[in-house]
Amino acid sequence: MSAGDSSRKTLEVETYHTRFSAWTPFSNKSLNRQLFQERVALISHWFDLWTNKQRQEFLFTIFLRCSKSQLKFVQDWFSERIQVAKVDFSTVLPRFISLYIFSFLNPKDLCAAAQVSWPWKFLTEQDCLWMPKCIRFGWFLPYTPTDNEFGAWKHHYIACVSNLDWQTPREAAAIYGTLNEPKREEEELEERQREKCLRRKIWEKIVLRKKELFKARPPWVSGTGCSSLLKPKCQPRLSQTVRERVGLHEALEKQLVLASLETLPKRSNISGSHSYPLLSKKNGHGVYKNDDSSSYSSQPHFILISSRIPAYEMVVESVKAGVIAVVYEHGITLESLLYLIEKALDGWKAQSLGLFSDGDSREINLLQGYKIGIKNLLRPDVRNFWEKLGSYVTTEEEGGHVDIFVPLGASEAGMEVLSQLAQLTGTFFTAPTGIATGSYQHILSDWLGPPREGAPPSVYFSQSKLQMWSSLTDFLEDTLKSVRKQLRPLFKELQKSISGRMIGQFMFDTMSVAHVLSNQETAQALADGLVELSKEGSERNVTEGNSQDRKSSLSKNDLNLEALVQLERKLQMDSAEKRTRVVRELLQSERKYVQVLEIVRDVYARPLKAALSSNRAILSAVNIQIIFSDVLQILSLNRRFLDNLRGRLQEWSPAHCVGEIVIKFGSQLNTYTNFFNNYPVVLKTIEKCREMIPAFRAFLKRHDKTIVTKMLNLPELLLYPSRRFEEYINLLYALRLHTPAEHVDHGDLTTAIDQIKKYKGYIDQMKQNITMKDQFSEIQRIIRGCPTLSEVNRYLIRIQEVAQLHCCDEEISFSLRLYEHIRDLSLFLFNDVLLVSSRGTSHTPFERTSKTSYQFIASVALHRIFVEDIPDSKYVKNAFILQGPNHEWICATEVEDDKFQWLSVLQNAIKSSIEK
């Protein structure tokens with residue numbers, strides 16, 4: 001064997017042994033590389049099969065064995081491929097080290113550092129940094145800060161610096177005198193010229209410094225400049241990338257949202273608190289002055305009218321000339337309402353102020369979320385509102401008073417509310433007693449307080465128009481729904497009170513006396529109604545006894561009947577007479593209510609059952625049972641209740657009781673529960689049978705809206721059970737108010753009120769659920785791509801139309817930025833979420849009207865919305881920024897009032913959402 005063969009054999013043996021050995025040979029580089037690749041592939045295969053925990057343990061073991069150079073290689077590799085954000089030292093270092101670093105800054109630099117970020121703002125406002133700077137100049141706090149007080153020494157430093165006496169030597173010499181010799185006129189002239197030059201140089205340097213700061217300012221801070229009217233505090237705007245990198249905790253994000261709300265602009269009002277700037281020389285939104293003069297010879301009368309009032313346009317049209325009327329939206333805030341009042345009065349004080357709002361005998365439904373009652377009257381925001389409202393009225397000695405068109409005088413709780421309001425404001429408050437039942441009939445009843453020349457309604461309104469409105473409120477509201485739908489697009493750009501007055505005038509003209517007299521059927525209905533009223537009047541006179549007989553005989557013999565009636569109304573009745581009057585009103589209203597239920601039985605139920613028995617069925621037995629069974633049971637229950645009341649009143653005396661009868665009636669309200677649970681089914685059954693059964697459609701056409709049915713149809717008659725409970729509560733409260741505490745009936749009346757009130761709450765909750773469901777369905781229908789809105793406890797607060805803007809260049813000075821209008825938006829504000837949609841308008845050829853379409857864009861939870869104001873400049877007006885987690889919108893309203901009210905409502909809704 002040759003030497004070459006033996007060496008080749010030796011190499012093969014060596015290769016064979018090396019392949020499966022635990023060490024890597026150094027003599028053969030190619031073989032070494034191949035072996036290394038095979039082992040890397042084997043380990044990679046194992047690594048792919050391991051779990052996440054096993055991979056982490058393996059990497060941990062490998063990194064422990066690496067040297068510093070190898071770890072540096074890993075770090076460089078990550079730095080090249082993954083961009084690591086720069087870390088703020090204040091979030092990494094211990095707090096005492098960060099405070100030590102900031103302690104080397106002067107006050108000016110500390111204030112600049114506070115605008116960098118929220119962590120820097122928190123650190124640079126610590127008392128340990130500002131206290132030495134104050135003590136250095138001998139500025140000591142006059143009190144000891146509490147544990148939770150933040151930034152006391154900084155505020156003290158700023159207050160002390162702002163009060164320093166900065167004067168030139170000449171000005172100081174003129175004030176405090178000087179020991180130097182008096183100067184000649186030329187020297188004094190030269191010194192003034194030097195001072196003038198010095199001031200000019202200082203101002204030039206200040207302007208140059210401001211320009212440099214604007215250029216060096218980052219984009220997210222450039223929007224925090226101030227204008228002459230709106231001066232918000234500086235706040236950082238978190239861009240989307242920053243929010244994603246930082247990953248804000250939910251609690252911290254809520255704190256930032258609240259902080260952004262605090263930076264919104266405020267205005268100064270006559271009470272010294274802050275709010276939006278008061279605009280002058282133009283009427284505000286919803287303000288209507290009936291006279292043309294800009295000044296008043298005496299204090300004007302002022303009336304607030306809520307848009308929640310049914311057919312409020314008719315009420316606005318009823319306002320007298322010379323009375324200032326303000327129509328306000330039910331969804332605004334207390335601050336916005338005060339703003340409207342200030343603009344309308346324009347510095348004047350009102351001789352009297354009326355508040356025409358929704359409510360009952362215990363509380364005033366002033367605004368959405370503000371039911372003013374005895375429980376929340378002393379809340380800081382509510383108390384502040386009433387104190388400011390009282391300051392707009394002249395003193396009681398000058399005849400000033402506040403008239404609330406809510407029957408607070410009909411209950412003890414309402415009287416307590418009036419008493420506390422008078423104590424808070426020092427102004428006389430009055431309200432109707434609410435004994436007259438019916439829809440808003442209480443405003444025509446007796447009012448509290450001493451007799452005046454005219455009742456409060458006659459001060460503000462035309463009596464005839466107001467009486468027509470109060471009698472036909474429900475019917476007018478149903479009619480106005482269609483009228484508003486047709487006329488609102490034409491009045492879109494007008495103020496709310498002006499458009500409301502035009503619609504009200506249109507309705508009054510339509511309902512003129514000439515039209516009524518020309519209608520023979522209506523005239524016949526009026527004649528029959530007068531006959532029925534005369535019969536009821538005769539029955540009432542028999543029931544009321546000998547005193548009423550004497551009064552009727554007196555009326556026949558006395559020619560001055562009207563004078564006697566007015567004199568009788570002015571006399572103050574004692575508690576027994578008032579109590580008797582309330583009981584009679586309860587009996588009279590119950591009789592009318594039972595008559596309505598008997599109309600349903602006699603006009604509809606009995607003929608349909610008779611047709612079914614005679615084999616000429618109009619409706620099946622099942623449909624008749626569904627529609628009429630519950631209401632007939634209610635009729636049976638209320639007839640027994642009426643008989644008990646009538647029997648008790650026949651032998652009535654001040655010692656008799658009514659509470660036990662009402663308690664017995666309240667224990668049987670499960671009959672009403674069945675009716676209200678089936679009420680939607682009843683209405684759907686009526687509509688379905690009307691569409692599918694011609695005989696039933698003809699039957700309803702013959703009987704609906706006739707003299708016998710009081711010009712009502714079947715669904716309108718079925719509304720009465722739900723409205724009766726509000727009258728029960730008002731009358732029972734009035735009865736307990738005039739019942740002495742030691743009377744036997746006082747405790748029973750309290751129990752009866754609790755029963756009826758609890759059931760009234762059940763009815764209101766059902767109404768609210770149905771209303772919200774319909775409202776959400778309508779919104780989802782008109783907005784394309786809208787997600788499901790129906791959720792528990794969600795309700796709509798306000799809809800605001802805005803224009804979306806786009807900033808052309810965010811790097812220039814904020815006051816010089818240009819914006820372009822991108823599209824129109826509609827903001828739907830709910831109590832927990834803000835829905836943003838685009839708004840488009842399409843016109844039909846040869847038609848003046850237009851159609852509006854909506855497209856869903858985004859929905860943002862309220863607790864995640866940052867709000868930032870954009871001060872007015874010559875390039876943009878009424879603008880603000882809404883910033884969510886994924887989107888940002890620059891919006892602008894048409895007028896400043898809309899911006900103020902929107903930001904005020906949005907701020908209130910965000911705070912309420914975060915508190916939940």
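Note: hydrogens, waters and symmetry copies are ignored here, and every other heavy atom, side chains too, is used.
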At their closest point, which heavy atom of Val382 faces which heavy atom of Leu377, and how far apart are they? CG1-O, 3.8 Å
Could you tell me whether the side chain of Glu791 reaches within less than 4.5 Å of the side chain of Asp832, counting heavy atoms only? yes
Check whether any side-chain heavy atom of Ile97 sits under 4.5 Å from a side-chain heavy atom of Pro94, and report yes or no. yes
Surrounding OH of Tyr100 (heavy atoms of other residues, nucleotides or ligands, distance under 6.0 Å), is the total greater than 12? no
Is it the case that the side chains of Trp120 and Ser90 hold a donor-acceptor pair, with the cut-off being a distance below 3.5 Å and no angle test? yes
Determine whether Leu129 and Leu99 make a side-chain contact, defined as any pair of heavy atoms from C-beta on separated by less than 4.5 Å. yes
Using a strict threshold of under 4.0 Å (side-chain N to carboxylate O), is an ion pair present between Glu915 and Lys911? no
Within the 4.5 Å heavy-atom criterion, are Val833 and Val860 side-chain neighbours or not? no
With rounding to the nearest 0.5 Å, note down the distance linking CG in Asn878 to SG in Cys891. 12.5 Å
Which word best sums up how the rings of Trp139 and Phe137 line up, parallel for under 30°, tilted for 30 to 60°, or perpendicular for over 60°? parallel
Consider only side-chain N and O atoms of Asn384 and Asp381, and report whether a donor and an acceptor are under 3.5 Å apart. no
Side chain of Gln126, backbone of Phe122: donor and acceptor closer than 3.5 Å? yes
Please name the pair of heavy atoms, one in Thr427 and one in Gly390, separated by the smallest distance, quoted to 0.1 Å. OG1-O, 3.7 Å
Worked verdict on Asp897 versus Lys343 for salt bridge (charged side-chain N to carboxylate O under 4.0 Å, His left out): CA-CA 10 Å; Asp897 288 357; Lys343 287 187 64 176; 2.8 Å; yes
Working to the nearest 0.5 Å, report the span between CD of Glu329 and CD1 of Ile799. 10.5 Å
Criterion side chain to side chain contact (heavy atoms under 4.5 Å, CB included) on Leu829 and Trp902, from CA distance to verdict: CA-CA 10 Å; Leu829 178 62; Trp902 166 253; 3.8 Å; yes
Rounded to the nearest 0.5 Å, what's the gap from CG on Leu805 to CZ on Phe880? Could you check? 9.5 Å
Nearest heavy-atom contact between Lys133 and Ser103 is NZ-O, 4.1 Å
Is any side-chain heavy atom of Phe385 closer than 4.5 Å to a side-chain heavy atom of Leu366? yes
Any idea which heavy atoms bring Ser117 and Asp88 closest together, and the distance? OG-OD2, 4.2 Å
Would you say Phe73 has more than 12 foreign heavy atoms packed within less than 6.0 Å of its CZ? no
State, yes or no, whether a side-chain contact exists between Thr893 and Gln800 at a heavy-atom distance under 4.5 Å. yes
What's the spacing between Leu827 CG and Leu825 CG if we round to 0.5 Å? 6.0 Å
Check: His887 ring centre within less than 6.0 Å of Trp889 ring centre: yes
Between the OG atom in Ser336 and the CG atom in Leu338, the distance rounded to the nearest 0.5 Å is 9.0 Å
Side chains of Trp386 and Leu389 in contact at under 4.5 Å (non-hydrogen atoms): yes
Under the 3.5 angstrom rule, does the side chain of Ser904 hit a backbone N or O of Phe900 as a donor-acceptor pair? no
For Lys877, is the NZ atom crowded, meaning more than 12 foreign heavy atoms sit under 6.0 Å from it? yes
Should we count CZ of Arg95 as having more than 12 external heavy atoms under 6.0 Å? no
Shortest non-hydrogen contact between Cys134 and His156, atoms and distance: SG-CD2, 4.4 Å
Count the heavy atoms of every other residue, nucleotide or ligand shown that sit under 6.0 Å from CD of Gln70, and state whether that count exceeds 12. yes
After noting the C-alpha distance and the side-chain angles of Arg383 and Leu424, does the key distance pass the side chain to side chain contact (heavy atoms under 4.5 Å, CB included) rule? CA-CA 8 Å; Arg383 178 172 181 171; Leu424 283 176; 3.2 Å; yes
Assess whether side chain to side chain contact (heavy atoms under 4.5 Å, CB included) is satisfied between Glu888 and Ile881, documenting all intermediate values. CA-CA 7 Å; Glu888 179 182 272; Ile881 298 175; 3.8 Å; yes
Count the heavy atoms belonging to other residues, nucleotides or ligands that lie under 6.0 Å from CZ of Phe60, then report whether that count exceeds 12. no
Give the minimum heavy-atom separation between Ser98 and Leu123, together with the two atoms involved. CB-CD1, 4.0 Å
CG on Asn908 to CG on Asn831, rounded to 0.5 Å: 11.5 Å
Give a yes-or-no answer on whether the side chains of Tyr339 and Gln901 include a donor-acceptor pair shorter than 3.5 Å. no
Is Arg798 atom CZ crowded by more than 12 heavy atoms from other residues, nucleotides or ligands, each under 6.0 Å away? yes
Is any side-chain N of the basic residue among Lys899 and Asp869 closer than 4.0 Å to the acidic one's carboxylate O? yes
Set out, in order, the CA-CA distance, both residues' side-chain angles and the distance that settles side chain to side chain contact (heavy atoms under 4.5 Å, CB included) for Leu862 and Phe830, then state yes or no. CA-CA 9 Å; Leu862 290 185; Phe830 298 88; over 6 Å; no
With the side chain counted from C-beta on, respond yes when Phe828 and Ile797 share a heavy-atom pair under 4.5 Å apart, and no when they do not. no
Is it the case that the side chain of Ser391 and the backbone of Lys388 share a donor-acceptor pair, with hydrogens and angles ignored and the cut-off at 3.5 Å? yes
